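Shown next, in structure tokens, is the structure this report addresses.
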Amino acid sequence: MKVRVRFAPSPTGGLHLGGVRTVLYNYLFARAHGGEFILRIEDTDQSRYVEGAEQYIMDCLRWCGLEPDESAEKGGPYAPYRQSERKQLYREYAEKLLESGHAYVAFDTTEDIEKMRKDQRIDEHTPAQYDHRTRGLMLNSLTLPTERVNELIASGTPYVVRIKMPENHTVKLTDMIRGEISFDSSLVDDKVLLKADGMPTYHLAVVVDDYLMKITHAFRGEEWLPSAPVHVLLWEYLGWKSHMPQWAHLPLILKPDGNGKLSKRDGDRLGFPVFAMNWTDPKTGETTKGFKEMGFLPQAFVNMLAMLGWNSGTEQEIFSLEELVKAFSIERVHKGGAKFDFEKAKWFNHQYIQHTDDAKLAELAKPYIEEELKSQPADSRLTTYDLRLVVSLIKDRCTLLPDFWSQGHFFFATPEIKEEAAIKDKWNDQKQQFFTNWLTEIQNLLDWTAIPIETNFTELLAKYGLKKGDVMLPLRVMLVGGKYGPGVFTIAEVIGKEETIKRIKRVLG
RNA sequence: GCCGCGUUGGUCAAUCGGCUAAGACGCCUCCCUUUCACGGAGGAAUGACGGGUUCGAUUCCCGUACGUGGUACCA
């Protein structure tokens with residue numbers, strides 16, 4: 001049987017890194033088994049519909065290089081891939097369940113249910129659920145005579161279809177990561193399957209669609225584990241038990257400090273992205289930063305995510321997507337949740353920057369440099385340089401793409417002197433004279449490359465009885481503006497004689 | 001509260017009964033570098049707790065604690 005897996009997000013906002021990891025594991029599993037990876041949009045909650053979210057999800061997958069084989073956009077043999085467009089389909093199965101007695105119709109209003117929860121409260125903290133203990137107290141096809149039920153339906157009274165969870169039944173399932181798990185059916189509530197607006201809930205839709213789309217393996221977040229018995233029972237009641245996919249419930253990604261699931265707010269609070277790409281809420285206009293825009297390479301992002309909850313059992317940490325396809329196995333996914341570590345994420349990106357060739361890097365860094373150049377004087381230069389050269393000089397100082405500006409700005413624009421003390425402290429006439437004289441010396445220097453420049457510099461130094469250590473840092477600050485960067489004479493070579501002289505003169509006055 | 005799942009250094013983690021418990025990130029020290037990085041060499045730092053099973057438990061079992069998820073006409 002052909003392996004078919006799916007990622008089934010609800011298009012309600014930014015794509016969380018946990019979601020991308022779920023996509024990744026699905027993708028790797030499908031590729032490794034010569035199977036298909038499907039993107040199914042779970043938009044059954046009309047009240048949570050968010051404009052643009054679906055397109056955004058696909059953009060994120062494209063950026064990550066994890067594109068589905070079948071989707072609403074691409075189409076495929078099991079279309080439509082948007083649950084809202086499959087609405088009519090689900091009712092048939094709900095009715096099947098009604099007929100077999102595994103589901104019932106309920107007319108209770110939200111207020112009725114709230115009242116029941118309050119009255120039947122189990123203890124002071126926990127309201128009762130709609131289950132085998134309380135359904136007999138409610139307005140449904142179990143308590144009402146059939147004629148009355150038909151009458152209510154005929155008169156247009158809103159109703160939902162609920163699953164009738166059996167009592168004292170142990171529901172078992174085998175999870176590829178966790179092994180055998182069992183639940184007591186008496187403790188699970190009678191979940192709504194079909195809402196009053198005719199849309200299915202996740203519980204019905206996921207089972208029906210996984211069956212119809214011939215999904216063989218279902219990977220999802222651990223937060224779904226508690227409702228898994230409902231899904232298992234549904235597979236059974238619909239008569240599809242032998243087609244049920246193999247489950248794998250993925251561990252959660254936790255916030256770095258404190259406890260709990262990593263949320264968008266944690267990113268804002270701690271200064272790192274949580275979404276794959278920038279997400280702008282169409283209602284508030286508020287933009288949340290993404291890994292892409294913060295300067296991550298998609299390959300680094302994906303590699304980092306792969307290692308968050310999985311490892312190959314070897315010491316290898318850097319994997320290309322192809323290598324991941326070969327090495328990945330769902331059984332080696334960790335059971336426990338992992339706290340997200342942004343420092344480690346940055347390390348991955350640094351590794352990828354070092355291993356990316358200069359031409360490609362130059363291309364990636366260019367937009368960031370161009371953006372910064374907009375606020376620089378017009379004579380600033382980008383086009384006069386081979387960006388590849390600059391990039392090769394500073395890449396090992398760069399962790400994120402914007403670092404190419406902060407580490408290399410002095411190649412493009414005359415820098416502001418930020419470490420004036422490094423020049424002014426211990427400054428004296430001797431140094432003043434030395435630099436003044438050197439300026440005339442280099443006017444005549446024919447070979448403007450790092451080594452001759454340095455030789456010339458060192459030789460003149462001796463005549464003034466100065467030590468190299470006395471003037472190297474001042475020279476650097478004159479050219480760079482701060483105490484960092486590649487070799488000073490290399491910088492002088494790259495920015496050119498004229499610019500070098502200009503920057504030194506500026507300080508000598 | 002109840003139910004599920006989990007628990008090896010600060011973080012990610014290896015180990016599938018023999019441990020002097022890998023490796024990586026981060027941190028610290030030193031070397032390299034007349035800057036900052038990169039690189040190199042070192043270092044500190046780990047089995048939640050209590051019972052079993054066993055010649056031997058990090059590893060298997062049971063409790064407890066802690067964490068986390070769920071407990072919606074949200075997914």
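Per chain, numbering begins at 1; letters A, B, ... match sequence-line order. Quick caveat: nothing in here was measured; it's all calculated off a predicted structure.
- Residue-level contact check: A:S182 touches the backbone only, with heavy atoms under 4.0 Å from sugar-phosphate atoms and none from bases.
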Practice problem: Would you mind building the protein contact string for nucleotides 43-49 of chain B? One character per nucleotide, 5' to 3', B for base within reach (heavy atoms under 4.0 Å), S for sugar-phosphate only, - for untouched. | Solution: -------
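- In this structure, A:K483 reaches the bases: a heavy-atom distance under 4.0 Å links it to at least one base atom across the strands shown.
- Nucleic acid contact class of A:P9 (heavy atoms, under 4.0 Å, all strands): none.
- Taking side-chain N and O atoms only, A:T44 has a distance below 4.0 Å to OP1 or OP2 of B:A75.
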Quiz item: Given the rule in the salt bridge (charged side-chain N to carboxylate O under 4.0 Å, His left out) test, do A:R397 and A:D403 qualify, once you have shown the distances and angles that lead to the verdict?
Solution: CA-CA 8 Å; A:R397 295 167 179 75; A:D403 295 342; over 6 Å; no
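- Distance noted for atom C1' between B:C27 and B:G1: 43 Å (whole Å).
- No engagement by A:K346 is indicated, since no non-hydrogen atom pair under 4.0 Å with the nucleic acid exists.
- A salt bridge links A:D131 and A:R133; the closest N-O separation between the charged side-chain nitrogens and carboxylate oxygens is under 4.0 Å.
- Sorted by residue number, the members of residues 155-166 of chain A with any non-hydrogen atom under 4.0 Å from RNA chain B read A:V160, A:R162.
- As rounded to whole Å, 14 Å separates atom C1' of B:A72 from atom CG of A:L193.
- The residue A:D112 sits apart from the nucleic acid: no heavy atom pair falls under 4.0 Å.
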Quiz item: Which letters describe nucleotides 9-14 of chain B, given B = protein heavy atom under 4.0 Å from base, S = only from sugar-phosphate, - = neither?
Solution: --SSSS
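- One donor-acceptor pair, N or O on each side, does fall under 3.5 Å between the base of B:C36 and the side chain of A:R397.
- Base pairing in RNA chain B yields stems of at least 3 consecutive Watson-Crick or G-U pairs, both distances under 3.5 Å, namely B:1-7 with B:65-71, B:10-12 with B:23-25, B:27-31 with B:39-43, B:48-52 with B:60-64.
- Of all the residues in residues 455-464 of chain A, not one reaches under 4.0 Å from RNA chain B with any non-hydrogen atom.
- At a cut-off of 3.5 Å, with distance as the only test, no side-chain donor of A:D470 or A:Y464 sits close to an acceptor on the other residue.
- Taking atom CG of A:D197 as the reference point, atom C1' of B:A72 lies 14 Å away to the nearest angstrom.
- In this structure, a donor-acceptor pair under 3.5 Å is absent between the side chains of A:Q299 and A:S320.
- Checking the phosphate oxygens (OP1, OP2) of B:G70, no side-chain nitrogen or oxygen of A:K191 falls inside 4.0 Å.
- B:U29 sits 15 Å from B:C38 when the P atoms are compared, rounded to a whole Å.
- The pair A:K255-A:D266 meets the salt-bridge criterion, since a charged nitrogen lies less than 4.0 angstrom from a carboxylate oxygen.
- As judged by a 4.0 angstrom heavy-atom cut-off over every strand, A:R476 is placed among the base-contacting residues.
- By the 30° and 60° cut-offs, the orientation of the rings of A:H409 relative to A:W405 is tilted.
- Between the P atom of B:U35 and the NZ atom of A:K418 lies a distance of 21 Å, rounded to the nearest Å.
- Using a cut-off of 4.0 Å between Lys/Arg side-chain N and Asp/Glu carboxylate O, A:K326 and A:E323 are scored as not salt-bridged.
- Between A:K195 and B:A75 there is a side-chain N or O to OP1 or OP2 distance below 4.0 Å.
- The side chain of A:L225 sits closest to B:G4 out of B:C73, B:G4, B:G26.
- Taking the six-membered ring for Trp, A:Y25 and A:F328 have ring centres closer than 6.0 Å.
- Here side chain to side chain donor-acceptor pair (under 3.5 Å) pairs that include residues 223-233 of chain A, with residues two or more places apart or in two chains, are A:H203-A:H231, A:R220-A:H231.
- Contacts of A:I181 with the nucleic acid, taken as non-hydrogen atoms under 4.0 Å apart, involve only primed sugar atoms and P, OP1 or OP2.
- Taking the six-membered ring for Trp, A:F291 and A:F275 have ring centres at least 6.0 Å apart.
- Residues A:R86 and A:L89 have side chains in contact (heavy-atom distance under 4.5 Å, counting atoms from C-beta outward).
- Under a 4.0 Å N-O distance rule, the pair A:K118/A:E114 does not qualify as a salt bridge.
- A straight line from CD1 of A:I491 to C1' of B:C36 spans 10 Å, rounded to a whole angstrom.
- Geometrically, A:R40 does not engage A:F7 in a cation-pi contact, judged by NZ or CZ lying under 6.0 Å from the ring centre and within 45° of the ring axis.
- Salt-bridge formation is not detected for the pair A:E42/A:R48: no Lys NZ or Arg NE/NH1/NH2 atom is positioned less than 4.0 Å from an Asp or Glu carboxylate oxygen.
- A salt bridge links A:E343 with A:K346; the closest basic N to acidic carboxylate O contact falls under 4.0 Å.
- A salt bridge is defined here as a Lys NZ or Arg NE, NH1 or NH2 lying under 4.0 Å from an Asp or Glu carboxylate O, and A:E317 with A:K344 meets this definition.
- A salt bridge links A:D189 to A:K191: at least one charged side-chain nitrogen sits closer than 4.0 Å to a carboxylate oxygen.
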